[in-house]
Protein chains: 2
Amino acid sequence: MKKEKYHHGDLKKALIDSGRNILRKEGITALTLRSAARAAGVSHSAPYAHFADKQDLLAAISTQGFLDLQGRLTLSIEKYQNSPRDLLIETGWSYIQFAMSEPACFKLMFSGILEDEHAHPEFMSAVRKTYQMLVNVVATCQKTNVLPAGSADETAVAVWSLVHGFVALHLERQFPGTILEKHKLKELFANSLGLLMTA
Amino acid sequence: MKKEKYHHGDLKKALIDSGRNILRKEGITALTLRSAARAAGVSHSAPYAHFADKQDLLAAISTQGFLDLQGRLTLSIEKYQNSPRDLLIETGWSYIQFAMSEPACFKLMFSGILEDEHAHPEFMSAVRKTYQMLVNVVATCQKTNVLPAGSADETAVAVWSLVHGFVALHLERQFPGTILEKHKLKELFANSLGLLMTA
DNA sequence: GAATAAACTTGACATTGTCAAGATTATTTT
DNA sequence: AAAATAATCTTGACAATGTCAAGTTTATTC
């Protein structure tokens, strides 16, 4: 019933969504400027009205990914705010679930969009906000002795490194099957993170 | 002085080396089948005598990357075998130095070559051997109470996740400048890894 | 030495990112 | 409201890429 209009309405958003869906269904190799344009129902050059080049679209998709990740983290943080030990594990687990639910998008988000620092400021700001959420979680855990005292910044680096490395290596199938058979993944993760917590 | 021969001699190795050099000097976007062929001084289709497709060349380059990484780890392991605390930190630091010395290659190694398990067996075996070296280091550290007792496999997962995540996030500039200014990188890493060690 | 296989070249094709020029619609200015 | 301008989108082109088919040159095998 929709009129075939020359102007799309919100092509920028449509291209980001289309790109995200292509990532979900067909992976990174299928995500081209032209495939995103096709999926949005416009010509192959239409994206250039909204994005400087392909990198610029990828940065926008990554930014949207960070926003969605922040949404998931927020849910966990609110749900477990009264139980710091669960807070840490469940927030980390949310990070991992996001990565596993959209692996191609997750990999894109951490695949070198940031060549020069000022090229994509809104991406950068999404990255920084995500980090800040983690620092807050860590600080909360430190106050209740779930994590050792000390600089929250430094401790957050350790925690985030472990969580991120865990899911990155898992997505790349770097862990041998033998160890994955012995555990449920969440248990393996919780045990790993447990090593950082105070006994 | 070299004769212009029709047959190259060892084109397979030459293509892997050329590809590696392109990664070093110009990054992943410059690494194409054709650019590697050009750098090796052969025609654009010559690689197909040795590699099934581009993925196959990338897998071979990644495999070589893992072998070089193993070399670096071996040096640290031999050097610090009598001092378990240094052993852990210095081996992890070697991993990080490798990643920072060849970031494009390092990212390629962990960027999804493994779609199906049996496509690249020699790559898989290099991956497994690298993991095994880490497990051995961890087991050594456990025997001397530098790391908590328990399954060496599980502890290695935690250690590797932290080390890998640390350098992956650093390469992607995910850590804010504020924290990097306060520390030397190695110190920040050692502090992070220290949280996993027994006090 | 002939036959066969391996290594390499040449030429082609569809796809991609990108640009230039033009067409259509929205917005602003008068 | 009409005109001018800007924004959005289309069409057409170009070089570069991955890949294949066919042919050429060299090495290996019988």
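Values below: all heavy atoms of this structure, side chains included; hydrogens, waters and symmetry mates excluded. Order of the sequence lines fixes the chain letters, A, B, ..., with proteins taken first and strands second; residue numbering starts at 1 for each chain.
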| request: Give the rounded distance in Å between these two atoms: CG of B/Leu11 and P of C/dC8. | output: 5 Å

| field | Check: B/His164 ring centroid to B/Phe110 ring centroid under 6.0 Å | value | yes

| Judged by modelled atom types alone, do A/Tyr48 and A/Asp56 share a side-chain donor-acceptor pair under 3.5 Å? | no

| task | Return no unless some side-chain N or O of A/Arg38 is found under 4.0 Å from OP1 or OP2 of C/dT16. | result | yes

| request: Look at the side-chain heavy atoms of Ile, Leu, Val, Met, Phe, Trp and Tyr, link any pair under 4.5 Å apart, and say whether B/Leu193 and B/Leu180 land in one connected group. | output: yes

Is there any protein nitrogen or oxygen under 3.5 Å from a nitrogen or oxygen in nucleotides 18-20 of chain D, and what are the pairs?
unit_1: D/dG18; atom_1: OP1; unit_2: B/Leu33; atom_2: N; d: 3.2
unit_1: D/dG18; atom_1: OP1; unit_2: B/Lys54; atom_2: NZ; d: 3.1
unit_1: D/dG18; atom_1: OP2; unit_2: B/Leu33; atom_2: N; d: 3.0
unit_1: D/dG18; atom_1: OP2; unit_2: B/Arg34; atom_2: N; d: 3.4
unit_1: D/dG18; atom_1: N7; unit_2: B/Arg34; atom_2: NH1; d: 2.7
unit_1: D/dG18; atom_1: O6; unit_2: B/Arg34; atom_2: NH1; d: 3.0
unit_1: D/dT19; atom_1: OP2; unit_2: B/Tyr48; atom_2: OH; d: 3.1
unit_1: D/dT19; atom_1: OP2; unit_2: B/Lys54; atom_2: N; d: 2.9
unit_1: D/dT19; atom_1: O5'; unit_2: B/Tyr48; atom_2: OH; d: 3.1
unit_1: D/dT19; atom_1: O4; unit_2: B/Arg34; atom_2: NH1; d: 3.2
unit_1: D/dC20; atom_1: N4; unit_2: B/Ser45; atom_2: OG; d: 2.4

| task | Could you check how far CZ of B/Phe51 sits from P of C/dA7, rounded to whole Å? | result | 12 Å

| If you take all heavy atoms of B/Gly27 and B/Ala104, which pair is closest and at what distance? | CA-CB, 4.3 Å

| Distance-minimising heavy-atom pair for A/Leu87 and A/Ser76 | CD1-O, 4.2 Å

| Atom-to-atom span, CG of B/Leu15 to P of C/dC8 - whole angstrom | 9 Å

| Looking only at heavy atoms, what is the nearest atom pair of B/Leu162 and B/Ser192, with distance? | CD1-O, 3.9 Å

| task | Please state how far atom NE2 in A/His50 lies from atom P in C/dT18, giving the value in whole angstrom units. | result | 16 Å

